[in-house]
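The structure under discussion appears below in the form of structure tokens.
Counting starts at 1 for both ligands and their atoms, in listed order.
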Amino acid sequence: MELLEALRAALGDTAVMSGNEIEPRHLGDWNVKVSPADGPIAVAYPRTTEQVAAVMRECHARGVGVVPQGGLTGLAGGATPNPGCIALSLSRMRVIEEIDPAASTITVQAGVTMQAIQEAADAAGLLFPLDIGSRGSCVIGGNVSTNAGGVRVLRYGMTRELVRGLEVVLADGTVLTMLNKMQKNNAGYDLKHLFIGAEGTLGVITRVVLRLFPKPANVCTAFLELPNYAAVLDFLGRVRANLGGTLSAFEVLWPEFYPYATTALGKPGPLPATRAMNVLIEAMGTDQSRDEAQFTALIETAMDAGLVSDAVIAQSGRQTQEIWDIRDSVAEFARVFGPAASFDISVPTSRMQEFVGIARAGLDRIDPGVPAMWFGHIADSNMHVNVSLRDGGPGLAAINAVVYGVVRDFGGSVSAEHGIGLLKKAYLGYSRTPEEMVVMRGLKAMFDPKGILNAGKIY
Ligand code: ZN
């Protein structure tokens, strides 16, 4: 095929795989996969920005679709190939180019894993705070394209807040170099923000300048039991007031969560199982003795006030890991929970319990007693919900209608951090106005008039 010959000429024979050579992993992300018949005609593996630009130029000239792929750990189908497309894998663009201590930045190619960036920062005595469960496989280009969140957003922000500069290849092969390192730069529109969270529909991210932070000297972690959501909110207020800038995680698990994470999965668990709320709290500071005293006093005061009914403060690295294992057991839930509809929605923090009550009642109407799990980064207004897709149940569409319907009524977001991809397209209008959708489509038409770049994603 003439396009493949052109791509091989630009990238080299070993950088373009077609037919039976295509590895199955390129057929989808963690949630949305297609059959080989509906997959890409070839996967291209550029190593440089110039090669990405060449792939885009060749495909643009022929009107052939391109789907950018990173670590393929997404959950919404944003990197799932379209039939007959070229999958553009950034996985060979793995160079960490520079750490600049004075600017406190790191510059990397798009295919570097999150964990490799964390380790490079650590080796330089600095912190790259972005962290999610797939850290070893996900790559920064995908993290930026989906504006990934995670558990430390309340302190360091979403990926968007961590990006200082970007390099992007547009649909026609034009390279936009915006590798800014400076905190202050008000010279006209800050175009990089258009590509952050755009899920590869406006351009292909090839290089990123990221912010680094001072490395905390110590970490305090605790796992708590609280009687109800009102106590959780009261406690969050106290934590913010007393720990100030050191609070780095505040993860809330509704009562259904803990028995699955411990009894069902066979993990010991730091506390006895009850029908209460659990909170995982973490603070990262620079003064060990002062930070630990402050952390312990905060929890003791909350216990005296009746806000916290039981608590374990980690005394060792092993205990810290045991606490995080409870939260991270989400990745293993499929084993005991079975197939599930999973949601990453946002609703106002103050109304989350109300949201759970209304959504729970709605689910009971279509499938009485259906197992559902509620947990989230409530300080960021972000809640995750897993609802069992059990045999004989009403199915995904009916569950979506209930949960997203309540999100819409609450003025919330149908995607807090995973993106829209293919899975949530039908619900984008629940969280965006028709006027916003017109502007989004206008931007898409300007950046990609032929509609070749990740077509059919988001809207
Ligand atoms: Zn999350």
Between Tyr430 and Phe410, is the ring centroid distance below 6.0 Å? no
Can Gln109 and Thr206 be counted as having a side-chain donor-acceptor contact under 3.5 angstrom? no
Going from CD1 on Ile420 to OG on Ser413, what distance comes out if it is rounded to the nearest 0.5 angstrom? 6.5 Å
Check: Ala87 main-chain N/O paired with Gln69 side-chain donor or acceptor under 3.5 Å: no
Given the side-chain rings of Phe343 and Tyr404, with only the six-membered ring counted for Trp, is the space between their centroids under 6.0 Å? yes
Parallel, tilted or perpendicular: which describes the rings of His384 and Phe375, with under 30° parallel and over 60° perpendicular? tilted
What protein N/O/S atoms sit under 2.8 Å from the Zn ion (ligand 1), by chain and number? His377 NE2, His384 NE2, Glu417 OE2
